[in-house]
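These notes are about the structure you will find just below.
Given the structure is predicted, the values throughout are model-derived calculations rather than measurements. Just so you know, ligand 1 is whichever comes first in the structure, and atom 1 is the first atom listed for that ligand.
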Amino acid sequence: MKIDFHQNFIDGAWIDPVDGGTIPIYEPATGEPFGLIAASGAADVDLAVNAARRAFDDGAWGRTTATERGRLLTRFADLILQNAAELSAIEAKDTGKPQSVADADIAALARYFEFYGGAADKLHGEVIPYLSGYHVNVVREPHGVTGHILPWNYPAQMFGRTLAPSLAVGNATVLKPAEDACASSLRLAELASEAGFPEGAINVVAGTGHVAGAALASHRGVDFMSFTGSPEVGQIIQKLCADHYITCTLELGGKSPHLVFADADLDAAVPVIVKAITQNSGQTCSAGSRVLVERTILDKFAALLAAAFAKVRVGAPEMDLDCGPIITRKQQQRVQGFIDRAREDGVAVISEGEIAEGAAAGGFYVKPVVFGPVPRSHAIALDEVFGPVLTVLPFEDEADALRLANATEYGLVAAIWTRDGGRQLRLAKRIRSGQLFINCYGAGAGIELPFGGAGKSGHGREKGFAALHDFSKTKTLVFHHG
Ligand code: NAD
């Protein structure tokens, strides 16, 4: 497959980047280049934002009713499903993820548009009792033009997660996908146009973060920003937004813990814990990357985990194993650097998976590994690795488990494995996270479920009805009728 998306999709049409620059893209499974994308600059972002502004301020998009928007989103969901095989093939090639994972991502993408299509005309205002002789309505309005900067780990899903609620509310959108995986976003922009979205409602501009991304976040025509990626860039985005007095949602990753108590059903927990770190090769913001285990069951738990983890296999998308490659050579080296440092520091290895025979030598593969017991202050116990690297840390009692759970700067997702109902509730109230799973884990699961973090994991909420609130603002109307 040759993907040549060297143009941007702006105002309902493919157009060349103003200065004609391109960036080669690489297949993670082989390390080979396989296409080109646009290296957009500030002038391209300007065209896209202006197109979105026109669509919102004066165009057909700004006049759509909520019901019409709902129908459009639903029609787009259907079109995504009709083109699922093509989209999934693009996604697997571009990101290296196993084919069945790419298939699931495309199904989730369609579900985002289906869910928010159904929700579009169910976002209501309110009437507030006020002084005698007055009537007060609070109505919800779109921000106007929303900017979206995407990461490379779930490009297609993220397209749905961030655009569907924004469009449902009535914003016009400009998306800057990650330069390391943006093919599906470009194809989707074209498909959205086929589904009937009017010109300028969805604009996609490819390019690097420090040029195209920074131009988008600092553009005066953008009213709200949605960013998913690293904490370092999240801070840059927030500062750029502050310069022109707009707000943003930041989804910046995590170091999410499982808390495994002695009374837990370990046979149920272990396979879920393995999947929570190997899914998408650990390149998941809500990956369960720390397992905190009650010391009295450490040996028993480690033996079960070792046996399950040793079966983890890594390979190319078409091999459809547990893990694919890491997205780029640079990220592979970053993940491997964490692993090498832990080994050099003498941190014990509990178990390792295998890179399958037949995986190309030039692919960006990493051997999945579980370290434990890991010293509490070691980098792999505290920092987001963003790879298939699991750390096991023992705790003494409930208070110690809570301390350890909240001991990183992140706060995105957590899981508690215990049969003790009182403990479930006590911990649920005190663990710092935006989602908490009890005797289960769903890395960022559920389009219906509000999702987002605290601290270094970011702020704002995506998914569910919460996203409709973040992508809109209230206006209070006060009538004096005497
Ligand atoms: P990144 O934050 O650099 O990139 C994410 C997006 O931000 C991309 O679209 C990129 O082009 C854009 N960007 C980069 N610099 C920018 C700037 N100055 N202004 C505006 N936009 C900019 O992430 P990365 O370098 O691709 O990955 C590094 C680390 O980030 C990973 O190891 C992981 O820890 C984290 N990460 C987290 C998520 C997540 O889902 N939370 C996703 C991807 C990466």
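- Considering each of S218, G387, G209, G253, the one bringing a non-hydrogen atom nearest atom 20 (C) of ligand 1 is G209.
- Interface atoms of ligand 1 facing I149, defined by a heavy-atom separation under 4.0 Å, are 6 (C), 7 (O), 9 (O), 12 (C), 20 (C), 21 (N).
- In this structure, of S286, A178, G229, G458, the residue bringing a heavy atom nearest to atom 37 (C) of ligand 1 is G229.
- Taking a cutoff of 4.0 Å between a charged side-chain nitrogen and a carboxylate oxygen, R187 and E190 qualify as a salt bridge.
- Interface atoms of ligand 1 facing C285, defined by a heavy-atom separation under 4.0 Å, are 39 (C), 40 (O), 41 (N).
- Those atoms of ligand 1 that come under 4.0 Å of a heavy atom in F227, given as number and element, are 2 (O), 6 (C), 7 (O).
- Of all atoms in ligand 1, numbered sequentially from 1 with element shown, those under 4.0 Å from a heavy atom of L252 are 41 (N).
- Here is the list of ligand 1 atoms found below 4.0 Å of a heavy atom in R334: 32 (O).
- Side-chain contact between W14 and N8 is absent, with no heavy atoms from C-beta onward closer than 4.5 Å.
- Heavy-atom proximity to E251, at under 4.0 Å, picks out these atoms of ligand 1: 41 (N).
- Using a 4.0 Å cut-off between heavy atoms, Q283 makes no contact with ligand 1 at all.
- A salt bridge links E27 with K93: at least one charged nitrogen is closer than 4.0 Å to a carboxylate oxygen.
- Ion pair D383/K456 not flagged as a salt bridge, since none of the NZ, NE, NH1 or NH2 atoms sits closer than 4.0 Å to an Asp/Glu carboxylate oxygen.
- Residue-ligand proximity, L150 to ligand 1, at heavy-atom distances under 4.0 Å covers atoms 6 (C), 8 (C), 9 (O).
- Atom 35 (C) of ligand 1 has its nearest heavy-atom neighbour, among A214, S230, P151, in S230.
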